[in-house]
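Data block below; observations after.
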2 protein chains.
Amino acid sequence: MKRTAPKTPSITVSDVARAANVSKATAARVLGGYGVVSDAIRADVTAAAKALDYRPNELARSMTTGRSGIIGVVVGDIENPFFSLAVRGISDAARAAGFNVILANSGERIDVEKAAVRLLIGKRVDGLIVTPSESRDISHLRDIHRSGRPLALLDRALPDLDVDTVTVDDRGIAMRATRILVDAGHRNIAYVTAVDAKGHEYRDLGQIYTSSVRERIDGFLTVCRDAGIDRPERFVRLGATSPAETRRVADAMLSGPDRPTAILASDSVIALEIFRVIRQRVLRVPEDISLITFHNADWTSVTTPPITVVDQPVYALGKGVAELLIRRLKGDPRPAERLILPTSIFERGSVGPPSKAIVNRA
Amino acid sequence: MKRTAPKTPSITVSDVARAANVSKATAARVLGGYGVVSDAIRADVTAAAKALDYRPNELARSMTTGRSGIIGVVVGDIENPFFSLAVRGISDAARAAGFNVILANSGERIDVEKAAVRLLIGKRVDGLIVTPSESRDISHLRDIHRSGRPLALLDRALPDLDVDTVTVDDRGIAMRATRILVDAGHRNIAYVTAVDAKGHEYRDLGQIYTSSVRERIDGFLTVCRDAGIDRPERFVRLGATSPAETRRVADAMLSGPDRPTAILASDSVIALEIFRVIRQRVLRVPEDISLITFHNADWTSVTTPPITVVDQPVYALGKGVAELLIRRLKGDPRPAERLILPTSIFERGSVGPPSKAIVNRA
DNA sequence: TTGTTGATTGAGACCGGTCTCTTTGATAAT
DNA sequence: ATTATCAAAGAGACCGGTCTCAATCAACAA
């Protein structure tokens with residue numbers, strides 16, 4: 001890289017000190033708000049600072065103090081309203097405690113997540129909040145923890161990592177959602193998730209490295225089996241990683257044999273796309289197909305019919321994890337806490353009995 | 001503040017240098033990737049760094065270099081999908097150029113915006129992207145500019161501030177949207193915005209300090225007047241600052257006299273809430289009331305009927321402004337550019353002729 | 001053989017704060 | 001009057017990098 005920086009000369013403590021006819025140390029004391037200074041000198045320095053339009057260099061400050069006042073956050077996808085709401089919760093809690101937030105996107109890719117963590121550590125954030133995209137490779141998270149910087153986990157727990165964690169009871173709530181469908185009479189219920197695995201085909205839980213999703217699938221399968229559904233695994237659909245992919249998955253699912261009469265979507269972004277495909281195929285909800293999705297997104301309440309959703313306390317999830325982290329930042333010595341927030345289901349109009357014979361109207 | 005920092009001792013260049021039996025300068029050269037070093041020494045240092053698990057202190061680095069590799073972004077409300085999509089555009093462009101993004105929310109409040117700008121400058125970001133919440137008080141933006149740090153404006157132009165700016169033709173597109181309503185026969189058309197003013201009553205354009213909204217209202221009023229609508233100002237509704245407030249505004253509007261037969265919403269968050277109120281009052285869209293909103297949000301395409309929207313190129317807006325800023329960061333000396341991105345309208349099903357007599361069915 | 005050149009490496013200043021340790025001077029105690 | 005005490009201000013090291021400049025040394029030319 002060339003010499004591009006014009007090196008803007010900014011006003012420093014020394015400049016102010018000189019202007020106020022005091023030592024650098026004294027000026028620093030009033031400017032930094034520490035130590036003791038007489039009122040007269042304080043006034044002088046303050047005046048000089050104002051006249052020169054002094055702006056403290058946070059970088060220099062946090063280099064010597066060792067703390068930056070910044071919390072690093074790594075989430076899967078900020079565009080997903082689930083995460084933006086959670087981030088909002090984090091930001092609010094952080095601001096209330098005088099911290100700032102620096103945000104990084106992992107795109108649910110482990111290598112990007114690692115890079116982001118490395119970067120944030122490099123920036124010397126005081127602590128990190130991560131939504132781990134994989135439970136397999138968590139060396140970078142161990143590193144954080146080991147470096148003495150507090151780490152807190154959001155939405156996804158890691159059994160092997162004993163740090164503050166805030167999640168919901170994904171298994172339990174998935175069971176409840178599935179039971180609603182089963183009770184309505186469904187036997188062909190599909191579970192659609194963005195998580196992918198080798199071969200894009202679901203075989204067993206061991207393939208699924210995103211803890212929340214694994215829990216959900218586990219709950220889903222348990223209830224299905226209890227209901228006597230044969231090999232419910234065949235209804236688990238992976239790889240709905242983008243709108244286009246979701247569309248592909250949904251299309252395959254809806255036109256293939258053994259077609260589901262009900263769908264449980266793992267997040268609202270997926271559900272939206274599935275809903276579009278359903279509409280496009282001129283299928284009716286819930287007469288032709290029932291739908292439940294995780295996350296009470298905006299749109300789910302204004303469709304016709306409105307969608308039955310799993311209403312995770314997303315904002316509280318973010319707020320809670322931030323509060324846990326901040327508590328740790330302030331030196332709380334208590335052992336790591338694993339908070340599991342209560343979750344409910346909003347039954348709206350998208351679930352009905354299975355249609356006897358579904359005609360493909362597309 | 002107490003002595004809380006345990007002052008985690010991290011591995012520094014000196015530590016690595018000592019381990020590799022070279023000088024600090026040499027170790028720094030290989031670790032920092034600058035200057036010339038012989039292959040043998042490079043290998044030694046690299047090995048030592050790996051053994052010690054050296055992590056560069058980004059803070060110290062950017063303190064001496066003067067640049068942090070960070071772009072500061074201040075937006076009105078990250079939860080608004082308009083902004084999260086724009087931020088996504090910014091992030092993508094930033095990452096592509098090797099920059100990182102630090103995000104701050106202003107909540108559309110000028111004092112918070114000022115604090116955020118001050119903070120980001122303190123953190124020595126290389127440049128800033130701001131969505132100015134007011135055109136009245138822009139002293140803090142002038143300061144940025146004056147401090148030599150590049151500034152770029154997103155979505156809202158400031159006539160008095162000659163910096164890189166990316167917007168859409170708000171006035172023109174508002175005219176087109178309004179004309180669609182006028183052409184459908186509407187004469188009572190309401191414009192609803194989150195922007196507020198003293199008295200919460202619209203009187204004239206001089207009250208509106210958010211440039212994009214002012215432009216839109218201007219366009220709206222122009223078309224209304226051209227269509228011979230008497231005092232269209234009375235249909236401009238301010239203060240839809242939150243879902244609750246929007247609800248209040250919508251309720252007042254829909255139950256009062258001179259009730260609108262069509263509504264133009266200034267953003268999708270407002271439109272969603274208005275749509276809910278409409279539903280709640282068992283009014284039909286578009287038979288009883290027509291609706292157009294700015295921003296092609298997710299939900300607008302899945303309602304029944306789908307909503308006619310102004311489709312701003314939001315992602316491109318963010319990407320564009322980031323690219324402009326980065327160009328400046330790299331030393332481009334060209335004069336400030338004001339990009340106005342083309343915008344279209346997606347006509348869907350929420351506009352129809354005005355109903356003759358609207359009955360309040362609620 | 002000796003001076004020149006060029007490639008490497010080392011020494012140390014510097015960035016802009018914080019913070020420890022000294023010095024200074026005034027007041028209080030002896 | 002002398003000394004202990006204490007608050008206020010000054011000096012300078014330090015954080016962990018970057019970067020300038022000087023020193024070293026081998027190869028090469030004269």
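A:Y34 has no side-chain polar atom (N or O) that falls below the 4.0 Å cut-off from OP1 or OP2 of C:dC19. Taking 4.0 angstrom as the limit, A:S38 places none of its side-chain polar atoms (N or O) nearer than this to OP1 or OP2 of D:dA8. Of the side-chain N and O atoms in A:S23, one or more sit less than 4.0 angstrom from OP1 or OP2 of D:dG10.
Within the 3.5 Å criterion, the main-chain N or O of B:L158 finds no donor-acceptor partner in the side chain of B:S135.
What separates CZ of B:R55 from C1' of D:dG17 is a distance of 17 Å, to the nearest Å. Atoms CG (A:D44) and C1' (D:dA9) sit 13 Å apart, rounded to a whole Å. Look at NZ on A:K24: it is 19 Å from P on C:dT22, rounded to the nearest Å. A:R124 places its CZ atom 7 Å from the P atom of D:dG17, with the value rounded to the nearest Å. Between the CZ atom of B:R67 and the P atom of D:dG17 there is a distance of 16 Å, given to the nearest Å. To the nearest angstrom, P of D:dT18 lies 12 Å from CE of B:M63. For A:K123 and D:dG17, the NZ to P distance is 13 Å, given to the nearest whole Å. D:dG17 atom C1' lies 7 Å from atom CG of B:N57, rounded to whole Å.
Applying the ring pair (Phe, Tyr, Trp, His ring centres under 6.0 Å) test to pairs two or more places apart or on separate chains, none has a residue in residues 52-75 of chain B. Here side-chain hydrogen bond (donor to acceptor under 3.5 Å, both in side chains) pairs that include residues 75-86 of chain B, with residues two or more places apart or in two chains, are A:R88-B:E79. Residue pairs meeting the side-chain hydrogen bond (donor to acceptor under 3.5 Å, both in side chains) criterion with at least one member in residues 38-47 of chain A: none, sequence neighbours excluded.
Contacts between residues 12-22 of chain A and DNA chain D, defined by a heavy-atom separation below 4.0 Å, involve A:V22, listed by number.
Side-chain proximity of B:A60 to D:dG17, C:dG17, C:dG12: nearest is D:dG17. Of the candidates C:dT18, C:dT9, D:dG17, C:dT18 carries the atom nearest the A:T65 side chain, counting heavy atoms from C-beta on. Among the nucleotides D:dG16, C:dG17, D:dA11, the one closest to the side chain of B:T64 is D:dG16.
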Under 3.5 Å, sequence neighbours excluded: what are the donor-acceptor pairs made by side chains of residues 104-121 of chain A?
from: A:N105; atom 1: OD1; to: A:I78; atom 2: N; distance (Å): 3.1
from: A:S106; atom 1: OG; to: A:V75; atom 2: O; distance (Å): 3.3
from: A:S106; atom 1: OG; to: A:E108; atom 2: N; distance (Å): 2.9
from: A:E108; atom 1: OE1; to: A:R156; atom 2: NH1; distance (Å): 3.0
from: A:E108; atom 1: OE2; to: A:R156; atom 2: NH2; distance (Å): 2.9
from: A:R109; atom 1: NH2; to: A:D111; atom 2: OD2; distance (Å): 2.9
from: A:E113; atom 1: OE1; to: A:S133; atom 2: N; distance (Å): 2.8
from: A:E113; atom 1: OE1; to: A:S133; atom 2: OG; distance (Å): 2.8
from: A:E113; atom 1: OE2; to: A:H140; atom 2: NE2; distance (Å): 2.9
from: A:K114; atom 1: NZ; to: A:D137; atom 2: OD1; distance (Å): 3.4
from: A:K114; atom 1: NZ; to: A:D137; atom 2: OD2; distance (Å): 2.6

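With sequence neighbours left out, A:D155 forms a side chain to side chain contact (heavy atoms under 4.5 Å, CB included) with A:F82, A:S212, A:L317. Among residues two or more places apart in sequence or in another chain, the ring pair (Phe, Tyr, Trp, His ring centres under 6.0 Å) test is passed with B:F83 by none. Applying the side chain to side chain contact (heavy atoms under 4.5 Å, CB included) test to B:D15 and every residue at least two apart in sequence or in another chain returns B:I11, B:T12, B:R18, B:L52. Legend: residues meeting side chain to side chain contact (heavy atoms under 4.5 Å, CB included) with B:D332, ordered by chain and number and at least two apart, are B:R327, B:R328, B:R334. In this view, A:T241 and A:E245 satisfy the side chain to side chain contact (heavy atoms under 4.5 Å, CB included) rule, not counting sequence neighbours.
Within the nucleic acid shown, B:I41 comes within 4.0 Å of sugar-phosphate atoms alone, with no base atom in reach, counting heavy atoms only.
Side-chain contact between A:I129 and A:V74 is absent, with no heavy-atom pair separated by less than 4.5 Å.
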Which atom pairs link the protein and nucleotides 4-7 of chain C when you take only N or O atoms and keep those under 3.5 Å?
none

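In terms of polar N and O atoms assigned as donor or acceptor, the side chain of B:R29 comes within less than 3.5 Å of the base of C:dG10 in a complementary pairing.
A salt bridge is defined here as a Lys NZ or Arg NE, NH1 or NH2 lying under 4.0 Å from an Asp or Glu carboxylate O, and A:D53 with A:K50 fails to meet this definition.
Taking five base pairs at each end of the helix from C:dT1-D:dA30 to C:dT30-D:dA1, the local helix axes there meet at an angle of 60°, rounded to 10°.
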